[in-house]
**Student:** 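There's a structure below that I have some questions on.
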Amino acid sequence: MAALQPVRGTHDYLPDDSRAHRAVEDIAREVAERFGFGEIITPIFEFTEVFARTLGDTSDIVTKEMYTFEDRSGDRLTLRPENTAGVARAFISGGLAQSVPVKLFYRGPMFRHERPQKGRLRQFHQVGVELLGVEGPLGDVDVISLGYQLLDALGLGGRSILHLNSLGDPESRQVYREALVAYLSGHKERLSEDSLNRMERNPLRILDSKDEGDREVVADAPLLSDHLNAASRAFLERVTGGLTDLGIAFEYDPKLVRGLDYYCHTAFEFVTTDLGSQGTILAGGRYDGLVKQMGGPPTPGIGWAAGVERLAMLRGEGTVTAPRPIAMVPTGADVESETITLADRLRRAGFILDLGYSGNMGKRMKRANKINARAAIIVGGDELAQGTVGVRDLDSGDQETVALSALEAFLARFR
RNA sequence: GCGGGUGUAGCUCAGUUGGUUAGAGCGCGUGGUUGUGGUCCAUGAGGCCGUCGGUUCAAAUCCGAUCACUCGCCCCA
């Protein structure tokens with residue numbers, strides 16, 4: 001078909017797809033509202049610095065994955081690759097520090113110039129939450145619990161595992177980083193080229209390398225958990241304790257790290273084995289330094305994001321079905337105006353009515369069947385003369401004559 | 001950005017060692033049925049064989065490039 005294609009890594013969602021997509025977003029918003037989170041809608045593009053400064057100059061997202069352009073007034077703008085930075089910016093712009101804790105939910109498109117795969121697109125969609133202004137571990141527990149309940153509400157409760165780690169506070173992290181680099185420096189010859197590059201910029205990343213040689217070296221590396229100071233350790237224990245209280249199973253994973261620089265303490269991911277190498281479906285962590293780094297008042301934060309396409313894909317096709325309409329079937333062109341008027345009346349009453357637009361009666365009945373109509377209202381001249389219409393139950397085949405005046409009441413069973 | 005696989009009808013796929021008019025099922029249109037769907041029967045439409053170039057008397061088939069999808073890596077949701 002060739003000629004006219006969508007931009008690589010972008011997709012059209014026709015009604016069947018968009019319905020599944022929207023269901024994920026709706027359920028996420030609903031669960032977030034249960035936790036007292038309200039939806040925030042931020043622009044899908046920001047000044048480039050919003051992302052460049054907060055995501056870290058060395059992250060892949062900033063160095064090679066952003067859609068950045070100059071607009072007609074010469075501003076450097078970027079299509080958001082994620083939304084934590086945008087929400088933090090809105091938090092600062094809007095002076096929301098006055099009303100912490102701030103609990104926000106968001107959903108919408110994100111853009112990353114990556115090589116597309118199943119479950120990885122250049123324009124994809126995320127739902128996410130951010131909790132700002134809460135210092136204590138109870139915030140971490142609540143936010144993780146929200147993610148857990150979302151997966152459960154989506155019917156994915158049994159299909160993913162929560163991985164959890166603590167990156168410690170900045171002090172712990174610094175001490176550990178030095179210990180790790182010291183160890184790795186002694187094994188340079190066995191590390192992959194990628195990891196050698198990571199040594200200086202982001203050595204923690206080497207911990208979750210998939211390279212076999214790296215894994216062997218990493219197996220004996222010092223553990224982050226051994227370098228947490230007392231405060232960081234206590235924080236982690238209160239988080240894990242809270243999760244246990246809620247019956248949320250997790251795997252402590254000392255090699256779980258974050259690609260983005262502003263994370264500290266809690267890092268977590270819900271992972272499934274059902275999506276190949278795109279198994280992470282919901283991931284987040286604590287980012288206490290972010291808001292201050294952006295120029296706002298020091299404000300702790302924690303949140304997560306989840307990929308809508310990945311979630312929808314995991315739920316499978318046909319999970320979300322279209323509501324079944326009632327079909328209007330006039331017996332001929334002579335009753336067309338009565339048909340439209342009646343459809344209008346029933347739609348105002350909240351029924352879903354499908355007009356066939358054209359064709360003889362047989363054709364319209366076929367169409368009614370094809371669109372999975374629950375019932376057909378047969379509008380004929382003879383019946384109208386008596387003040388009635390025929391109503392056919394398309395599942396059972398039973399047909400009854402119903403007075404126009406009693407139609408809404410009769411149709412209630414097909415709602 | 002790196003490595004592998006795959007591109008034939010709207011969809012899922014056949015297509016022999018290169019051989020002249022490229023097929024099937026599903027779906028779609030029309031009729032059998034001028035006031036009654038599903039089943040059935042008949043019949044029809046729909047293809048630059050992803051695109052461009054090369055080899056050949058001859059290419060869906062072989063070669064190259066390119067685009068898209070896909071699997072793995074990097075990274076990430």
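Heavy atoms only: backbone and side chains are in, while hydrogens, waters and symmetry mates are out. Per chain, numbering begins at 1; letters A, B, ... match sequence-line order.
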**Student:** Can the positive tip of A:Arg415 be found less than 6.0 Å from the middle of the six-membered ring of A:Phe351, inside 45° of the ring normal?
**Tutor:** yes

**Student:** Looking at A:Tyr176, I want to see if its OH is surrounded by more than 12 non-hydrogen atoms of other residues, nucleotides or ligands under 6.0 Å.
**Tutor:**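 Enclosed.
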
**Student:** For atom CZ of A:Arg29, is the number of surrounding heavy atoms from other residues, nucleotides or ligands below 6.0 Å larger than 12?
**Tutor:**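 It does: A:Arg29 CZ has more than 12 such atoms within range.
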
**Student:** Sort out the partner of B:U17 for me: Watson-Crick or G-U wobble, both distances under 3.5 Å, none otherwise.
**Tutor:** none

**Student:** Distance check needed: B:C74 C1' versus A:Glu65 CD, whole Å only.
**Tutor:**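 In whole Å, B:C74 C1' and A:Glu65 CD are 9 Å from each other.
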
**Student:** Quick one: do A:Arg89 and A:Glu46 make a salt bridge, cutoff under 4.0 Å?
**Tutor:**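 Between A:Glu46 and A:Arg89 there is a salt bridge, with a charged N closer than 4.0 Å to a carboxylate O.
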
**Student:** Does atom OH of A:Tyr13 have more than 12 heavy-atom neighbours, drawn from other residues, nucleotides or ligands, at distances under 6.0 Å?
**Tutor:** yes

**Student:** So, A:Thr48 side chain and A:Arg76 main chain: donor-acceptor pair closer than 3.5 Å or not?
**Tutor:**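 Flag set: sc A:Thr48 to bb A:Arg76 pair under 3.5 Å.
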
**Student:** May I ask you to verify if any side-chain N or O of A:Arg8 is less than 4.0 angstrom from the OP1 or OP2 atom of B:C69?
**Tutor:**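 For A:Arg8, the contact criterion (side-chain N or O under 4.0 Å from OP1 or OP2 of B:C69) is met.
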
**Student:** By nearest atom, which of the nucleotides B:U70, B:G72, B:A77 is closest to the A:Gln117 side chain?
**Tutor:**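 That would be B:G72.
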
**Student:** Collect all protein-nucleotide pairs involving nucleotides 4-6 of chain B in which both atoms are nitrogen or oxygen and the distance is under 3.5 Å.
**Tutor:**
none

**Student:** Across all strands, who's sitting opposite B:C26 as a Watson-Crick or G-U wobble pair, both distances under 3.5 Å?
**Tutor:** B:G10

**Student:** Write down the atom of A:Val239, the atom of A:Pro137, and the distance for their closest heavy-atom approach.
**Tutor:** CG2-CB, 3.6 Å

**Student:** Taking any strand in view, what nucleotide pairs with B:C2 in a Watson-Crick or G-U wobble way, both distances under 3.5 Å?
**Tutor:** B:G72

**Student:** If a protein heavy atom is under 4.0 Å from the base, mark B; if only from the sugar-phosphate, S; if neither, -; do that for nucleotides 35-42 of chain B going 5' to 3'.
**Tutor:** BBBB----

**Student:** For residues 23-39 of chain A, which residues have at least one heavy atom under 4.0 Å from RNA chain B?
**Tutor:** none

**Student:** Please report the shortest heavy-atom distance between A:Glu309 and A:Gln123, naming the atom on each side.
**Tutor:** OE2-O, 4.5 Å

**Student:** Could you report the tightest heavy-atom contact between A:Trp304 and A:Leu150, atom names first, then the distance?
**Tutor:**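 For A:Trp304 and A:Leu150, the tightest heavy-atom pair comes out as CH2-CD2, 3.7 Å.
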
**Student:** Answer yes or no: is there a donor N or O on one side and an acceptor on the other, between the side chain of A:Arg286 and the main chain of A:Tyr263, under 3.5 Å?
**Tutor:**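 Not a single qualifying donor-acceptor pair exists.
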
**Student:** Using whole Å, report how far CG of A:Asp12 lies from C1' of B:A68.
**Tutor:**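 One finds 14 Å between C1' of B:A68 and CG of A:Asp12, rounded.
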
**Student:** Pick base, sugar-phosphate or nothing for A:Leu121, based on heavy-atom distances below 4.0 Å to the nucleic acid.
**Tutor:** base

**Student:** Taking the six-membered ring for Trp, is the centroid-to-centroid distance between A:His113 and A:Tyr67 below 6.0 Å?
**Tutor:**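 Ring centroids of A:His113 and A:Tyr67 are less than 6.0 Å from each other.
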
